[in-house]
Amino acid sequence: MQRFHFSQDLANQIHSYESINAFYLKIMKTAVLTNVGFIYIEPNGVVGMHEAPVPQLMIVIQGEGWVCGEDGKRVDIATGDGVLWQQGQAHESGSTTGLTALVIQAEQINLT
């Protein structure tokens with residue numbers, strides 16, 4: 001598992017299009033079929049231990065929770081944090097207070 005943080009301070013200001021106070025942070029570029037969706041984990045919810053069928057990137061957009069691998073060691077995550085699991089890596093996710101995350105799944109994920 002790799003952990004990342006996605007926040008505005010890492011973004012580049014947009015100078016094109018007469019833009020004002022706007023910023024862009026590229027996450028990845030895909031060359032293969034990619035699934036993009038949201039996961040909602042309600043308070044005291046858990047997505048049980050499972051293996052990633054393909055690389056999976058989960059970016060928390062609201063709330064906070066935790067993730068862990070096969071070792072069971074929980075790592076706290078919150079808004080702006082991202083976690084990348086490679087194919088075959090077992091993992092579990094959960095939240096005491098609830099969270100919403102963007103999930104990107106593809107046979108190839110190359111973060112910029």
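Between atom CD of residue Glu107 and atom OG1 of residue Thr30 there is a gap of 12.0 Å, rounded to the nearest 0.5 Å. The OG atom of Ser93 sits 6.5 Å away from atom NE2 of His50, with the distance rounded to the nearest 0.5 Å. Atom CG of Leu25 sits about 8.5 Å away from atom CD1 of Ile59, to the nearest 0.5 Å. Here the CG-CG distance, from Asn110 to Leu57, works out to 11.5 Å after rounding to the nearest 0.5 Å. Distance check, rounded to the nearest 0.5 Å: CD1 of Ile27 to CD1 of Ile104 gives 5.0 Å. Thr100 contributes atom OG1, which lies 8.0 Å from atom CZ of Phe38 (distance to the nearest 0.5 angstrom).
Of all heavy-atom pairs spanning Ala106 and Pro55, the tightest one is O-CD, 3.0 Å. Nearest heavy-atom pair, Gly82 versus Phe6, reported as atom, atom and distance to 0.1 Å: CA-CE1, 3.8 Å. Val32 and Thr34 make their closest contact through O-OG1, 2.8 Å (heavy atoms, listed as atom of the first residue, atom of the second, distance).
Applying the ring-ring contact (aromatic ring centres under 6.0 Å, His included) rule to His5 yields no partners; only residues at least two apart in sequence or on another chain are considered. Partners of Arg3 according to the side chain to side chain donor-acceptor pair (under 3.5 Å) rule, which considers only residues two or more places apart in sequence or in another chain, are Asp81. Every residue meeting the side-chain contact (heavy atoms from CB on, under 4.5 Å) condition with Tyr17, not counting sequence neighbours, appears here in chain and number order: Ile14, Ser19. Every side chain to side chain donor-acceptor pair (under 3.5 Å) that Gln56 has, sequence neighbours left out, goes to His91, Gln105. Residues passing the side chain to side chain donor-acceptor pair (under 3.5 Å) test with Asp9 are Ser7, sequence neighbours excluded.
Connection of Leu10 to Phe23 is not established within any shared hydrophobic cluster, with ILVMFWY side chains joined at heavy-atom distances below 4.5 Å, either directly or through further cluster members.
Around the CD atom of Gln8, the shell of radius 6.0 Å holds no more than 12 heavy atoms that belong to other residues, nucleotides or ligands.
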The test is side chain to side chain contact (heavy atoms under 4.5 Å, CB included); show your working for Cys68 and Glu92 and say whether it passes. CA-CA 5 Å; Cys68 69; Glu92 185 175 43; 3.7 Å; yes
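The closest donor-acceptor contact from the side chain of Thr79 to the backbone of Gly63 lies under 3.5 Å. Between the side chain of Ser95 and the backbone N or O of Glu64, at least one donor-acceptor pair lies under 3.5 Å.
By the 4.5 Å heavy-atom criterion applied to side chains, Gln2 and Gln86 are counted as neighbours.
The hydrophobic cluster containing Val75, built from Ile/Leu/Val/Met/Phe/Trp/Tyr side-chain heavy atoms closer than 4.5 Å, also comprises Met1, Ile39, Ile41, Val47, Met58, Val60, Val67, Ile77, Val83, Trp85, Leu99, Val103.
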